[in-house]
Every structure is written in C-alpha cells, then in structure tokens.
4 protein chains.
Amino acid sequence: MITRPIRPDDREGWEPLWRGYLEFYRAALRPEVTEQTWAALCDPNSAVHGIVAERDGHLMGLAHLILHPTTWATSPTCYLEDLYVDRQWRGRNIARRLIEAVYAFADESEAASVYWHTQEYNAPARSLYDTLARRTSFVVYQR
Amino acid sequence: MITRPIRPDDREGWEPLWRGYLEFYRAALRPEVTEQTWAALCDPNSAVHGIVAERDGHLMGLAHLILHPTTWATSPTCYLEDLYVDRQWRGRNIARRLIEAVYAFADESEAASVYWHTQEYNAPARSLYDTLARRTSFVVYQR
Amino acid sequence: MITRPIRPDDREGWEPLWRGYLEFYRAALRPEVTEQTWAALCDPNSAVHGIVAERDGHLMGLAHLILHPTTWATSPTCYLEDLYVDRQWRGRNIARRLIEAVYAFADESEAASVYWHTQEYNAPARSLYDTLARRTSFVVYQR
Amino acid sequence: MITRPIRPDDREGWEPLWRGYLEFYRAALRPEVTEQTWAALCDPNSAVHGIVAERDGHLMGLAHLILHPTTWATSPTCYLEDLYVDRQWRGRNIARRLIEAVYAFADESEAASVYWHTQEYNAPARSLYDTLARRTSFVVYQR
C-alpha cells in the first residue's frame, strides 16, 4: 500500500470514497459541489490538496487538506478537512498512513501546524489521533 | 460604537489589542509574525481580513478572519481565527457586534459558513457564542 | 469464573492479555518494559499489584494497580492503571468483577480511595464505570 | 523569586498555602493527615516530594508530587498531586515556575512522564497548563 497525491485519473476510485465519507456524516451535497471539489483537488494552483492510499491500483482511503494563511505564523497552516478509509479496509493502519502523509506534505509546504476536527464521541478515530497529535482544549462553533 | 474593516492607519490602535489577545493565550510571537499578519490584514488581495470596533477614534476590539476554500461547498468558508475585546470595554456587547460584522462580511463574500475554535472552559465566551452560533460536537486535534 | 491475585506461573496466560490491552491503546512498549512490569507484578514487595479473572485455568482479564501515598490521607491511594478483558469474553461482567476485586484489595490495603483514567469517548467502559464509581470533574494533563 | 525543595523549617510558611489549597477544593482534612503529609514531605526517603516558590523568605506557592512506579515504563512516573499559589501572588507566573521545577525534578528522577488532574472547568489553571502540557483525552473516575 502506498500513499500519494491525488491525480486526475483517480476520479473513478475517488468518488466512492467521497460518497462513503459523506454518508458517514449523513451529508448530501449538490453534484456541483463534488464537481468543484474534484476540480480543486486536481488543480495544482489550488489551496485544496488530496492524498490517497492505493494498493494494486485500488483506492482505499483519502485525505483532503487546505493550506491557508494564519495570523499566528509567517507560514501557512494545514487544515485536514476530510479523512476517510473505506470500511472494508479498516484495521490496516491506513488512516495512520494517510495522516503521516499529510504531515509529510505539511512539512514540505513548511506549514506551521496541522489541525483537524473530529466528533468528540468518535472513539475509533480519536483513539488513533491520540497517538499522532494533541487533543487541544478547543471546541468548534459554527454558523 | 461602530464596527468596520481594519485600515492601514489602525496600526497604533490595533497593536495593543493584538498584544492583549496574545497575552490571554499566554503566547509570545516573534515580531516578524506580527509584521506579516499586519501586512496581510492591510492587503486587500490577502485571504486574511480584519474588523475592528471603534468609538471616537479608539479601537476597542478586533476580529481576524481567513477566507479559505472548503471541499463541502462551492463557496469559501470563513474561519474566525482571532476575536478580542479590550478588558476595559467588556460587558458592552462589543464581541457580539464584532461577530455580527464577521457574519455580514461572510455574507458579502458568499461564504458557505463561519467557524471558530474556543477553549471548552471559556465560560464567558461560550455563553455569548451559544446565542450566536451552534456549538458543534467537534473537538480540535493539532500537530 | 474467579478473580484472584496474579501468580508467577500466570505469565503465559497474562502476556496475550497485556498485548491485547496495549494494542487497544495502539501502544508499543520495549520488551524490557514488559519484563520489568511482569517482575513487579510478581514481587510481593512492589507497589505494583495484579489481579486476573480466570476460568478453568484460562485467564480472561487483568487489572494492574499501584498503591502509592497521597497527601490527602494517612493511608495510600490505589491507582488502577490497567484494566482489560479479552475480546472474546466481553459481555460477561468480567470487568465489573475485576473492579470489585480491586476494591476488595484496596479495602484490605486500607487504601483511602481508588482512581483511574479512561478516554472520555470510551462509551462501553464508561457506562460500566458509572455504575461502580464517581466520574469526577477532573481531566488529565500530561507531559 | 526562586523555586526549591521544601525544607523542615518551611512548616510555618507552608501551612497557610496548604490550607488555602484545601479551601479552594472545599476540603477539610483531619489534623493528622496534615501532620503525616508534612512528615512525608520532609522525609527524603518518602515518595512524596515538595517544591515551594519563595521570595525574601516568604513562601508564595507549593507543588507536591508523588513518584510511583508505572506498568508502562521501566522508570517511575511523577504525579503532581497538589499545586497552589497564594491568591495575593497570582499573575506572576509562579504556577508556571513551579511546574517547570516539577519537570526539572522529574527529569533528575528520570521519571517517564508527569501527570496531573484538574477540574475541566478551571479556566485559569487550564489556560496555563495548555501552554505546558498535553490535555489528554482522559477523564478521572474515583471510588
């Protein structure tokens, strides 16, 4: 299994992962959102970047991240907005590998930090994140 | 009291607010961070935007926000990264006015949403935010 | 099923439980840590004590605890550091029985209290603990 | 201001701090607990250690810690059980200095880690701890 940047020819393998991820969050997005997100992932000049886990040409998981400026550092920060591993491939450390690939990307981009949000009750995810990052004292508000 | 976008001639009034805000978080930033953040706040082409609360030429509070793309919408999202009201002006609804100005800015920018982080134990802040936004179930992880 | 103090001849049955417990926490310890922990569990003069749940000679769960002084009482306190039940034996009240055995041990040792840490998101564990102990308002910080 | 190990002749300065700390937790301990705790703090062979912040012979704050074995490491862990700064000396970084002295003590003792408990709603304390340590995902249960 390897992790690598997303490529324009990944669309067929990426879309079921994206749909599975949205189903996990019980979210339904309009088709044009998926179209634009895909376009941004493939655009090297976009702030949106994608990493996939692949084995034998099959995509098993994805990570989407946004590089954006922060007032707290001269370098950007990296927001890991989406992370998903297909259900049938759970338990193989793929999420860990994806986060490590995000960290490597952030380092290459000289990002000051990497942050992400997770449901406070998502035990499987948090038990992994607790080994890779700091659980801050922050909660998230949203309009 | 009015809220308005930050202007290049606000530097003198903005800096004590920025320092008070950083002291609240017990943070010390290198001077070049403050310089670059100020430059970004004044640059109309930057993704970093600032709003201040002013009365009689005196700045009483600030809000800094970042417009960045999101994979969940065709329009950007607005990250309210910093919010601060000078101690001597607390209790006058200035924070509320600043958040309302952020919402107005987000609407003008057609931002899909506004989000921010706050310490789970910051009772005064959260009691305000609970009247203006949804406390999500998300906690924040950070490398 | 019985609960009883760990014995030097339990090593073979204890080790898979210890490994399963560490895997749950996604932790990898150096072999000498396991060796020293085992030695401490078997040393009657050590502050480290172990209790196991056994049926027909098979070990189904473990509890490790540390007796240490506290500034709040003249008698020691009992820190329940590790608790684990093998996956195949879940749902049989074994964790409850182990905690009750820890309480009996603490009583015999005249320990002033028993305390332990659990992930805030560990729903199965907490729903049991809530019937046996008080969830305090404390969170844990660690360097 | 200096931080240093507690000494037998500190009793007079230590006792008001200890009482202030217990009042903060609305706790009343029997006199013999205080006597034994004091004796343990002064006993170099005890697992209980004390650090005080002093200026001009006046004690301004205290830290009590327990070195105890852990099943997760070959070296002991350091439990910071009590931390207190006299109200009149707050806002001078004394708590930070005490924690740094605890860290130095832990390093000298080759402790594997330092941990402590704090009320999840103790905003002043947590805003300091968040700059010095990791807020873990653990909550504390107690019998």
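Lettering of chains follows the sequences in order, A, B, ..., and the numbering in each one begins at 1. Given the structure is predicted, the values throughout are model-derived calculations rather than measurements.
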Do other residues, nucleotides or ligands put more than 12 heavy atoms under 6.0 Å from D/Glu15 CD?
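Count over threshold, so yes.
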When you look at CD of D/Gln88, are more than 12 heavy atoms from neighbouring residues, nucleotides or ligands closer to it than 6.0 Å?
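Buried by this count: over 12 neighbours within 6.0 Å.
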Does a side-chain heavy-atom distance below 4.5 Å link C/Arg135 with D/Val139?
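Yes, their side chains come closer than 4.5 Å.
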Do the non-hydrogen side-chain atoms of D/Tyr79 and C/His68 ever get within less than 4.5 Å of each other?
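Contact flag for D/Tyr79/C/His68 side chains = yes.
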Measuring from C/Ser113:OG to D/Gln142:CD, what's the distance to the nearest 0.5 Å?
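Separation between the atoms: 5.0 Å.
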Selection from [options] maximising heavy-atom pairs under 4.5 Å formed with chain C:
options                             : result
D/Glu32, D/Gln119, D/Glu35          : D/Gln119
D/Asn122, D/Thr70, D/Thr71, D/Asp82 : D/Thr71
D/Thr77, D/Ile66, D/Ile99, D/Leu29  : D/Ile66

So which part of [X] gets closer than 4.5 Å to some heavy atom of chain C, the side chain, the backbone, both or neither?
X        : result
D/Trp18  : side chain
D/Leu67  : neither
D/Asp130 : both

Evaluate D/Val33 against C/Trp72 for side-chain contact (heavy atoms from CB on, under 4.5 Å), listing each step before the verdict.
CA-CA 7 Å; D/Val33 174; C/Trp72 285 63; 5.5 Å; no
Contact class of [X] relative to chain D, heavy atoms under 4.5 angstrom:
X        : value
C/Gln36  : side chain
C/Ala40  : neither
C/Arg126 : both
C/Leu80  : neither

Between C/Arg143 and D/Tyr103, is NZ or CZ placed under 6.0 angstrom from the six-membered ring centre and within 45° of the ring axis?
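Yes, a cation-pi geometry holds between C/Arg143 and D/Tyr103.
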Check: D/Tyr141 ring centroid to C/His117 ring centroid under 6.0 Å
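Ring-ring flag for D/Tyr141/C/His117: false, centres at least 6.0 Å apart.
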Counting heavy-atom pairs under 4.5 Å to chain D, which of C/Leu132, C/Val48, C/Thr136, C/Thr118 comes out on top?
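Among C/Leu132, C/Val48, C/Thr136, C/Thr118, the one with the most close pairs to chain D is C/Thr118.
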